[in-house]
Amino acid sequence: MSSSNVRVRFAPSPTGALHIGGVRTALYNYLYARKMGGKMLLRIEDTDQTRFVPGAEEYIKKSLNWIGITIDEGPDNPGDCGPYRQSERKPMYREYAQRLIDEGNAYYAFDTEDELNAMRDRLKAAKVASPQYNAITRATMKNSLTLPEDEVKARLAAGDPYVIRLKVPRKEEVRLNDLVRGWVMVHSSAIDDKVLMKSDGMPTYHLANVVDDHLMRITHVIRGEEWLPSAPLHVLLYKFLGWESTMPQFAHLPLLLKPDGEGKLSKRDADLQGFPVFPLEWKDPASGDISKGFREEGYLSEALLNFLAFLGWNPGNNEEIFSMDQLIEAFSIERIGKSGTKFDIAKAKWYNQHYLRLKPTSDLVAYLEADLKKNGVTTKIDLARIVDLLKERIVFPADLYTECQFFFGRPTVYDQKVIETKWTSEAVTVIEAFAAALAALPATPDGPAAKALFQQVLDDKQVKMGKVMQALRVALTGNGAGPDLMEIISILGKDEAVGRLQQAVSVLQVS
RNA sequence: GGUCCGUUCGUCUAGGGGUUAGGACGCGUCCCUUUCACGGACGAAACACGGGUUCGAUUCCCGUACGGACUACCA
């Protein structure tokens, strides 16, 4: 694919763990960049010093890396638009804020928090629909538009705290053509005089975002729908800064909703439903609380990737198994949906099961080995045989360990229901004979050989297989269900199998 | 409250002026099978409502309802 001038960015705030919705946003940006042969940027939006969380930036990078998203330009691999952390770009914002002031599109405001609250209360009391700092109310407030020029100068010189606000025009239609939603029109009276520079000298999201997107030559802003209401404000900023002709195109993504009921997916809902919202485990540095991630819960990155890509997008045909490369090939902004998407963890599990079965046995052996080690289980059994036996029936790698418990110890309890119905004298007769036949063998048989031997015993005793199989299974594993029994016998080894059969016969009462 | 956005099976969605409204997950039944799972087959299951426009609307338009986002010196 030929390279293009397409440049997109993922611009998270390092305020904690990266939410799964953020991962999807990053993914769509990435898919578009790769599809178009463009560039994917990572920009850290750390302008809120009060919410900065140490370790969050690192966590974001690790998460993107896990899911397979690579960054072309970012804090760790800067291009020619650095720095890529907003806190390191402070002077730039200052410069453009000043320009806005100089050209009459922004102004200083000195109002205290109390004064702002008083204004809002007053408007509320007067039954004003939306109390805001705007073209009308700004005339009643303490700002460089209402205060005498020398007082403004004096306040600035004295270091009085102030913010810089955008001077939003009173009557103006602001339009934008969203790639997902089409034309969106907002009247400027619905936009308030947003703070551009905070009193701590940091820019707010709106200013920093527009300035950076321009300076970083971003061509497409792909972000969550929660930004749609403020998009007209951003359009206004591009206009005031004279950047209209190179303004990026916008694509506002549908939100990820909670699985039941309505509303944005939150950590709380996910906890309630028993699934993670973070890609990787996250330890809150302040509280020390640990939240499990999809990775730790056993989700494979390729499964989560495939699942996430389909939350709000589809290729337009009936195919739904896609690798990253296939997603890149198939992706288009036009096929992104408009409506919010409920997070259906059952589908994620289905993807997981699918991808797990595609894993090479050796990978799964490694999982199982680790789990065994963690639980202090040692065994001489060839784990690859267990994995091959169990592979088709698990959803998570950890299921391997839980499903194969019976290999590592004789049953201490037997499935009561099966005993009641299947542990007949006939079954016992067959099992005893089978145990004897097994014991007489020179070596452990493989699965088919064990089956042939068992069939021989059945023929001898004139019993049908279905009548005793369940009993045999319980005797061997304690369970009423599980993978191929003859293969289990083969893996267990003939001595162990015989031992288990004898134990069951002596312990269990015929009912 | 205001502004904006949205609404096809339970869920993710395809489709689009005339279709038996398609697929997937989940669910159910059956088949396969030594059980369970896998696999296979089949099945139940949807165009929010009301008005237009039209020969015809699930599809286009307008309302209503419902849902969501936003409404901070947070992003």
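Throughout, protein chains are lettered first and strands after them, A, B, ... in sequence-line order, and every chain is numbered starting at 1.
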| Should A:R181 be listed as having a side-chain N or O under 4.0 Å from OP1 or OP2 of B:rG6? | no
| According to the Watson-Crick and G-U wobble definitions, with both distances under 3.5 Å, which nucleotide is paired to B:rG16? | none
| Taking any strand in view, what nucleotide pairs with B:rC27 in a Watson-Crick or G-U wobble way, both distances under 3.5 Å? | B:rG43
| field | Under-4.0 Å side-chain N/O to phosphate OP1/OP2 contact, A:R357 with B:rG39 | value | yes
| Of all the nucleotides listed (B:rA75, B:rU35, B:rU3), which has the minimum atom distance to the side chain of A:A190? | B:rU3
| said: Just verifying a value: how many Å separate A:E225 CD and A:L253 CG, rounded to the nearest 0.5 Å? | reply: 9.0 Å
| Which nucleotide sits closest to the side chain of A:K198: B:rC74, B:rA14, B:rU35? | B:rC74
When you compare the protein's N or O atoms with those of nucleotides 67-71 of chain B, which come within less than 3.5 Å of each other, and at what distance?
unit_1: B:rG67; atom_1: O2'; unit_2: A:E262; atom_2: OE1; d: 3.0
unit_1: B:rA69; atom_1: OP1; unit_2: A:K264; atom_2: N; d: 3.4

| request: Looking at every strand, decide which applies to A:D399 at a 4.0 Å heavy-atom threshold: base, sugar-phosphate, or nothing. | output: nothing
| task | Could you check whether A:V195 gets within reach of a base, just the sugar-phosphate, or nothing at all, counting any heavy atom under 4.0 Å? | result | sugar-phosphate
| request: May I ask you to decide if A:M216's main-chain N or O and A:R43's side chain share a donor-acceptor pair within less than 3.5 Å? | output: no
| task | Write down the distance separating the C1' atoms in B:rG50 and B:rC66, rounded off to the nearest Å. | result | 14 Å
| task | Quick one: label A:M202 by what it contacts on the DNA or RNA (base, sugar-phosphate, nothing), any heavy atom closer than 4.0 Å. | result | nothing
| query | Given that both distances must come in under 3.5 Å, which nucleotide forms a Watson-Crick or G-U wobble pair with B:rG63? | reply | B:rC49
| Nucleotide nearest A:Y205 when distance is taken to its side chain, options B:rA75, B:rU7, B:rC38 | B:rA75
| Could you walk me through whether A:L179 and A:I333 pass the side-chain contact (heavy atoms from CB on, under 4.5 Å) check? | CA-CA 7 Å; A:L179 260 16; A:I333 293 181; 3.7 Å; yes
| request: In whole angstrom, give me the gap between the C1' atoms of B:rG28 and B:rU64. | output: 37 Å
| message | Roughly how many Å apart are B:rG26 and B:rG43, using the C1' atom of each and rounding to a whole number? | response | 14 Å
| said: Using a strict threshold of under 4.0 Å (side-chain N to carboxylate O), is an ion pair present between A:R89 and A:D212? | reply: yes
| In whole angstroms, how far is the C1' atom of B:rU8 from the NZ atom of A:K338? | 14 Å
| Rounded interatomic separation in angstrom, taking CZ from A:F275 and C1' from B:rU11 | 12 Å
| query | Does any nucleotide pair with B:rC70 by Watson-Crick or G-U wobble geometry, both distances under 3.5 Å, and what is it? | reply | B:rG2
| task | Among B:rC73, B:rU7, B:rU34, find the nucleotide with the atom closest to the side chain of A:R165. | result | B:rC73
| Whom does B:rC38 pair with, Watson-Crick or G-U wobble, provided both distances fall under 3.5 Å? | none
| said: Rounded to whole Å, how long is the line connecting atom CG of A:D193 with atom P of B:rC73? | reply: 11 Å
| Distance below 4.0 Å between A:R335 side-chain N/O and B:rG15 OP1 or OP2 | yes
| query | Nearest of B:rC73, B:rC4, B:rG6 to any side-chain atom of A:V186? | reply | B:rC4
| remark: Partner of B:rU33 under the Watson-Crick or G-U wobble criteria, both distances under 3.5 Å, comes out as none
| With a non-hydrogen cut-off below 4.0 angstrom, is A:R120 in contact with a base, only sugar-phosphate, or nothing? | sugar-phosphate
| If only side-chain N and O atoms of A:K349 are considered, is one of them under 4.0 Å from the OP1 or OP2 phosphate oxygen of B:rA24? | no
| query | To the nearest Å, how far apart are A:I488 CD1 and B:rU34 P? | reply | 15 Å
| said: As a quick check of understanding, evaluate side-chain hydrogen bond (donor to acceptor under 3.5 Å, both in side chains) for A:D460 and A:Q456, giving each step before the final call. | reply: CA-CA 6 Å; A:D460 256 22; A:Q456 221 173 76; over 6 Å; no
| When you look at NZ of A:K142, are more than 12 heavy atoms from neighbouring residues, nucleotides or ligands closer to it than 6.0 Å? | no
| query | Would you say A:K347 reaches B:rU11's phosphate, i.e. side-chain N/O to OP1/OP2 under 4.0 Å? | reply | no
| query | Going by modelled atom types, is there a donor-acceptor pair between the base of B:rC73 and the side chain of A:T204 at under 3.5 Å? | reply | no
| Just to confirm, is there a sub-4.0 Å distance from OP1 or OP2 of B:rA75 to any side-chain nitrogen or oxygen of A:T47? | yes
| When we call it a touch if two heavy atoms are under 4.0 Å apart, what does A:T341 touch: a base, just sugar-phosphate, or nothing? | sugar-phosphate
| query | A:G312 near the nucleic acid: base, sugar-phosphate alone, or nothing, with a heavy-atom cut-off under 4.0 Å? | reply | sugar-phosphate
| task | Report yes if a side-chain nitrogen or oxygen of A:K451 is closer than 4.0 Å to either non-bridging phosphate oxygen (OP1 or OP2) of B:rU34; otherwise report no. | result | yes
| said: What's the separation between atom OG1 in A:T137 and atom CZ in A:R120, rounded to the nearest 0.5 Å? | reply: 9.0 Å
| field | B:rA24 OP1/OP2 closer than 4.0 Å to side-chain N/O of A:N318 | value | no
